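Remember, predicted model here, so these are calculated numbers, not experimental data. Scope of the values below: all heavy atoms of this structure, side chains included, with no hydrogens, waters or symmetry mates. Sequence lines set the chain letters: A, B, ... in the order given, protein chains first and strands last, and positions in each chain run from 1.
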Amino acid sequence: DTGVSQDPRHKITKRGQNVTFRCDPISEHNRLYWYRQTLGQGPEFLTYFQNEAQLEKSRLLSDRFSAERPKGSFSTLEIQRTEQGDSAMYLCASSPTAGATQYFGPGTRLTVL
Amino acid sequence: AQSVAQPEDQVNVAEGNPLTVKCTYSVSGNPYLFWYVQYPNRGLQFLLKYITGDNLVKGSYGFEAEFNKSQTSFHLKKPSALVSDSALYFCATQTLGNYQLIWGAGTKLIIKP
């Protein structure tokens with residue numbers, strides 16, 4: 001399967017714990033996006049990378065959130081000191097170039113107890 | 001600021017009947033418009049997009065969408081609905097610059113046998 005993959009698919013954690021999610025984009029896609037989706041809502045943009053460079057972060061992304069794409073391939077999204085409000089589906093998408101169609105992974109569903 | 005609106009939370013259609021899922025947009029300049037579908041506990045699947053050219057765009061699974069500049073609409077259509085079309089449908093527009101997707105709230109499509 002050459003689609004976007006995300007790991008884990010589900011994560012349950014206690015408030016205050018740190019969590020890390022991984023996204024593997026489609027091979028050779030240089031753009032990688034992170035979005036967050038809460039129940040009953042459309043996704044909201046969090047951040048994006050062009051190759052290894054993180055070019056923009058949404059104001060939604062507090063200092064507790066950090067994302068990396070160290071070699072321009074896979075990306076990680078870490079949330080420190082999780083809060084119940086962080087419970088959501090975290091979606092990753094990739095595209096071959098700027099403005100091209102974004103293809104999404106299955107998402108990581110985070111539940112913070 | 002760019003935005004899209006999906007005025008219907010839910011659309012109910014009998015199997016075999018035509019379906020329409022509505023989307024209106026507010027974009028300065030030429031809009032890039034997309035439709036995605038989301039099945040339960042799954043990521044978003046790309047259906048079709050309008051960038052420029054023919055106002056009628058054909059996409060996956062027999063779906064099509066009509067771009068109407070005067071009405072600032074981009075409604076999703078299918079001539080004959082299938083029960084398997086039941087899902088959550090999202091309209092989105094893409095910003096220039098970082099090319100993030102700005103999403104509507106989604107429309108739940110229910111196809112009844």
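Of the two parts of B:Q45, neither the backbone nor the side chain holds a non-hydrogen atom closer than 4.5 Å to a non-hydrogen atom of chain A. With a 4.5 angstrom heavy-atom cutoff, A:E56 touches chain B only via side-chain atoms. Heavy atoms closer than 4.5 Å to chain B are found in the side chain of A:L91, but not in its backbone. Using a 4.5 Å cut-off between heavy atoms, A:Q37 contacts chain B through its side chain alone, with no backbone atom that close. For B:Q94, the part lying near chain A is the side chain, with the backbone staying farther off; criterion is any non-hydrogen pair under 4.5 Å. Proximity to chain B (any heavy atom under 4.5 Å) is restricted, for A:A100, to the backbone atoms N, CA, C and O. Using a 4.5 Å cut-off between heavy atoms, B:I102 makes no contact with chain A at all.
For the pair A:P43 and B:F90, the minimum side-chain heavy-atom distance is below 4.5 Å. Contact check for A:Y35 versus B:L101: side-chain heavy atoms found under the 4.5 Å cut-off. At least one side-chain heavy atom of B:Y99 sits under 4.5 Å from a side-chain heavy atom of A:Y33.
Interface remark: of the candidates A:G42, A:G99, A:P106, A:G99 forms the most heavy-atom pairs closer than 4.5 Å to chain B. If you tally non-hydrogen atom pairs under 4.5 Å between each of B:Y32, B:Y36, B:F34 and chain A, the highest count goes to B:Y36. If you tally non-hydrogen atom pairs under 4.5 Å between each of A:G105, A:G107, A:A98 and chain B, the highest count goes to A:A98.
Residue A:Q102 holds its CD atom at 9.0 Å from CD of B:Q100, rounded to the nearest 0.5 Å. Residue B:L47 holds its CG atom at 11.0 Å from OG1 of A:T101, rounded to the nearest 0.5 Å.
Around the CD atom of B:E15, the shell of radius 6.0 Å holds more than 12 heavy atoms that belong to other residues, nucleotides or ligands. When the shell of 6.0 Å around CZ of A:R64 is examined, it contains more than 12 heavy atoms from other residues, nucleotides or ligands. For B:N68, the CG atom sits in a packed shell: over 12 heavy atoms of surrounding residues, nucleotides or ligands are nearer than 6.0 Å. Crowding of A:L39 atom CG: a count of heavy atoms from other residues, nucleotides or ligands under 6.0 Å not exceeding 12. A 6.0 Å sphere centred on CD1 of A:I12 holds no more than 12 heavy atoms belonging to other residues, nucleotides or ligands. Crowding of A:E28 atom CD: a count of heavy atoms from other residues, nucleotides or ligands under 6.0 Å not exceeding 12. Other residues, nucleotides and ligands contribute over 12 non-hydrogen atoms within 6.0 Å of the OH atom of B:Y39. Around NZ of B:K22, the count of heavy atoms belonging to other residues, nucleotides or ligands within 6.0 Å does not exceed 12.
The side chain to side chain contact (heavy atoms under 4.5 Å, CB included) search around A:T82 returns A:T13, A:Q17, A:V19, A:I79, A:D86, A:V112, not counting sequence neighbours.
Linking ILVMFWY side-chain heavy atoms closer than 4.5 Å, directly or via other members, places B:Y61 and B:V57 in a single hydrophobic cluster.
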